[in-house]
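Taking it in order: structure first as structure tokens, then the write-up.
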2 protein chains.
Amino acid sequence: MEFFNKVGKMAIGSRLRMLTETMVEDAVRIYKLYDIDFQPKWFPVFYVLQDGGEFTITSIAREIGHSHPSVSKIIAEMVKNGFVIEKKDKADGRRNMVSLSAKGIEVGKKIQDQYADVTNAVEELLAQANHDLWKAIEEWEYLLEQKSLLRRVQAHQKIRESNKVHIVPYEPKYARAFKALNEEWISKYFVMEDADYKALDNADSYIINNGHILVALYNNEPVGVCALLKMDDPDYDYELAKMAVSPKAQGKNIGFLLGQAIIEKAKALGSHKLYLESNTILKPAISLYHKLGFVKVAGRPSPYERANIQMELELK
Amino acid sequence: MEFFNKVGKMAIGSRLRMLTETMVEDAVRIYKLYDIDFQPKWFPVFYVLQDGGEFTITSIAREIGHSHPSVSKIIAEMVKNGFVIEKKDKADGRRNMVSLSAKGIEVGKKIQDQYADVTNAVEELLAQANHDLWKAIEEWEYLLEQKSLLRRVQAHQKIRESNKVHIVPYEPKYARAFKALNEEWISKYFVMEDADYKALDNADSYIINNGHILVALYNNEPVGVCALLKMDDPDYDYELAKMAVSPKAQGKNIGFLLGQAIIEKAKALGSHKLYLESNTILKPAISLYHKLGFVKVAGRPSPYERANIQMELELK
DNA sequence: ACTAATTATGTAACTGATTACACAAATGTA
DNA sequence: TACATTTGTGTAATCAGTTACATAATTAGT
């Protein structure tokens with residue numbers, strides 16, 4: 001498979017499928033070798049039934065990891081070939097109890113030899129290879145169960161995207177973005193208050209009052225902002241406020257990067273403890289603050305109606 | 001996948017298929033993640049076309065290892081979505097030359113990021129596992145190309161079957177089998193000659209004349225015979241003759257086992273060089289004799305019309 | 001130069017799995 | 001006890017590939 005080495009790991013799915021196919025293709029011929037009128041796809045079901053008891057369709061499906069319609073069809077085929085018998089459960093009218101027929105048990109004996117030969121052939125193959133396919137499959141099953149391929153790719157996407165994000169200090173040309181990005185979420189979840197207009201229309205005053213604003217750029221477009229306000233309070237020196245990220249730029253870790261940068265800035269300004277106000281309706285925001293290290297504190301008076309949670313972060 | 005550890009290696013095909021499925025399932029969602037209106041199954045074809053040139057359906061199929069109808073369908077879908085364009089080849093009216101459209105090239109650029117993220121995710125997975133799935137697949141592809149699973153299973157079947165075969169010395173109760181087994185092949189390919197009747201009706205005389213007969217039993221049924229005749233010749237002391245294996249017992253290595261046993265017997269009798277006559281029409285027999293070590297020698301007079309090849313084996 | 005063989009492509013039917021949906025029986029709950 | 005939920009099963013549609021077959025164009029062999 002020359003091609004796969006060229007394409008690379010992205011095609012591992014296709015490559016797996018093709019390997020599967022070459023093996024399954026031979027399976028049919030292997031059964032013929034033993035003069036058994038048996039389809040390879042029946043095998044997992046057959047294997048379960050060989051225990052001897054009666055099983056329901058769904059219990060077999062669960063056991064072998066197939067969907068129940070798949071088992072349903074396989075059972076229908078095996079019944080038609082006389083290998084299994086169905087019987088309605090008297091106690092539970094939904095259940096279709098299936099078990100091996102006399103003919104099925106007979107075939108089971110014949111299959112033993114084949115089973116041994118195939119197992120030996122596979123073991124031999126495994127022994128000839130340096131990399132253990134069987135164990136590798138098992139590991140991948142486990143790893144993918146822990147964290148799906150989708151989520152793994154998503155994580156890498158996030159890392160890559162966040163590399164394209166640059167955090168820069170506020171400049172007057174970002175005044176419009178500073179207002180627009182904040183207005184967007186405020187008016188989506190709440191209503192703009194007087195304090196909002198006062199703050200968003202006078203970004204410069206923050207800086208004048210020893211505060212700070214940071215802007216997140218993505219492809220040189222401002223897509224996120226965050227402000228640091230000097231507070232006149234015995235407990236806190238700075239407040240983190242006016243954090244906003246464009247919904248169009250979600251999933252690039254921008255909130256976290258902005259938050260980290262503003263915390264660094266606060267440290268540089270000599271802050272010992274940060275304060276912020278928010279609303280519990282904004283779940284992603286709250287969880288972002290948690291991730292940044294903020295913890296909830298008891299209520300304080302706020303100029304904003306919408307504030308229903310207060311948080312702080314001790315800086316060392 | 002608890003089940004697979006119980007069933008064992010015989011189900012490696014099913015297990016592979018299920019792993020493939022969980023990965024391919026995610027593939028669709030991964031493409032969605034990048035806002036690309038693209039189907040995963042198009043990828044191999046797309047990858048080939050990205051080289052920039054024009055390709056025929058069959059050349060793509062060969063390159064990616066699919067059947068041509070598969071590529072034909074994929075191309076049809078991609079044309080419908082505007083990713084590729086078709087063009088009849090002027091020089092060869094059969095050829096359908098396909099290449100990426102402007103839109104296709106555009107998507108190719110978008111896909112680069114995804115390509116990188118997926119590759120990284122897979123590499124990460126590979127790094128987390130102790131057993132390298134990628135390399136294991138590659139090895140299996142190679143090993144199965146060298147010798148298919150079918151042939152490997154067949155080999156193990158043969159070994160197991162030949163363990164059920166027992167070679168025993170001639171007894172009078174095998175007289176009928178000795179004649180019948182030989183008559184079967186002689187009258188199938190040639191006609192019974194006088195010398196045949198004389199020999200087959202008087203098996204005992206071989207033994208009287210310091211010769212020997214061995215019988216192969218399978219499930220205690222005589223299924224093969226072979227005789228050693230004392231020769232009155234300056235060059236040879238014994239002749240291997242009347243070798244016969246029932247067609248019903250083929251593929252169990254019986255001919256080889258009989259041959260080996262008779263050679264051992266000859267050595268025990270003090271023979272230095274064995275001789276045999278056969279006919280080139282009996283290909284499996286000739287190749288068996290080769291496998292046993294016999295080499296062709298120049299013609300000698302024979303009492304049998306059908307003999308057209310002579311062979312000998314030096315014993316050490 | 002003509003016929004046979006080969007090559008390129010497309011269509012149809014099949015395969016072994018899936019998801020979506022329908023429906024009946026059993027179980028849980030107010 | 002009635003009604004909602006859960007469970008067990010089957011049918012239909014779908015999916016990504018396959019093989020089998022049909023057809024047209026080219027190439028090879030006599």
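Note that this is a predicted model, so its numbers are computed, not measured.
When the side-chain nitrogen and oxygen atoms of Arg95(A) are compared with OP1 and OP2 of dA25(C), none of them lie within a distance under 4.0 Å.
At a cut-off of 3.5 angstrom, the base of dT7(D) holds at least one donor-acceptor pair with the side chain of Arg94(A).
Here dA25(C) presents its P atom at 14 Å from CG of Asn96(A), a figure rounded to the nearest Å. In this entry the distance linking CE of Met97(B) with C1' of dA8(C) reads 11 Å, nearest Å. Per the geometry, CE belonging to Met23(A) stands 21 Å off P belonging to dT15(C), to the nearest Å. Rounded to an integer number of Å, the gap from CE of Met18(B) to P of dT18(C) is 7 Å. Lys88(B) has its NZ atom 18 Å from the P atom of dT7(C), to the nearest Å. Between Ile75(B) atom CD1 and dT11(C) atom P there is a gap of 14 Å when expressed in whole angstrom units. What separates CD1 of Ile64(B) from P of dG17(D) is a distance of 8 Å, to the nearest Å.
Ring geometry for Trp42(A) versus Phe38(A): interplanar angle over 60°, hence perpendicular rather than tilted (30 to 60°). Aromatic ring orientation, Phe83(B) versus Phe46(B): perpendicular (interplanar angle above 60°, classes split at 30° and 60°).
Taking every side-chain heavy atom of Glu25(B) into account, dT19(C) is the closest of dT19(D), dA25(D), dT19(C).
The closest side-chain donor-acceptor pair between Ser59(A) and Thr56(A) falls under 3.5 angstrom. One side chain, Asp117(A) or Tyr34(A), offers a donor N or O that lies under 3.5 Å from an acceptor on the other. Side chains of His156(A) and Glu124(B): a donor-acceptor N/O pair is present below 3.5 angstrom, by distance only. With hydrogens and angles left out, the side-chain atoms of Glu86(A) and Asn96(A) include a donor and acceptor closer than 3.5 Å.
Residues of residues 50-62 of chain B having a heavy atom closer than 4.0 Å to DNA chain D: none are found. Contacts between residues 39-47 of chain B and DNA chain C, counted as heavy-atom distances below 4.0 Å, involve no residue at all. Taken residue by residue, residues 66-74 of chain B places heavy atoms nearer than 4.0 Å to DNA chain D at His66(B), Ser67(B), Pro69(B), Ser70(B), Lys73(B).
With contacts defined as side-chain heavy-atom distances shorter than 4.5 Å, the pair Leu125(B)/Leu133(B) does not qualify.
By the 4.0 Å N-to-carboxylate-O rule, Arg95(A) lies too far from Glu54(A) to be salt-bridged with it. Look at Lys248(A) and Glu184(A) and you find no salt bridge, because none of the NZ, NE, NH1 or NH2 atoms lies under 4.0 Å from a carboxylate O. Asp113(B) and Lys164(A) are joined by a salt bridge, as a carboxylate oxygen and a charged side-chain nitrogen come within less than 4.0 angstrom of each other.
Ala27(A) comes within 4.0 angstrom of no nucleic acid atom, judged by non-hydrogen atoms across all strands.
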inquiry  = Assess the residue pair Lys9(B) and Leu126(A) against the criterion (side chain to side chain contact (heavy atoms under 4.5 Å, CB included)); give the C-alpha distance rounded to whole Å, side-chain angles, the decisive distance to 0.1 Å, and a yes or no.
reply    = CA-CA 10 Å; Lys9(B) 310 287 158 65; Leu126(A) 248 13; 3.8 Å; yes
Step-by-step side chain to side chain contact (heavy atoms under 4.5 Å, CB included) determination, Met18(B) to Arg15(B) = CA-CA 5 Å; Met18(B) 291 180 77; Arg15(B) 192 172 201 174; 5.9 Å; no
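Each of Asp92(B) and Glu77(B) lies near DNA chain D, and the nucleotide nearest Glu77(B) is the one positioned closer to the 5' end. In terms of position along DNA chain D, the nucleotide closest to Glu86(A) lies nearer the 5' end than the nucleotide closest to the other residue of the pair Glu86(A) and Glu21(A).
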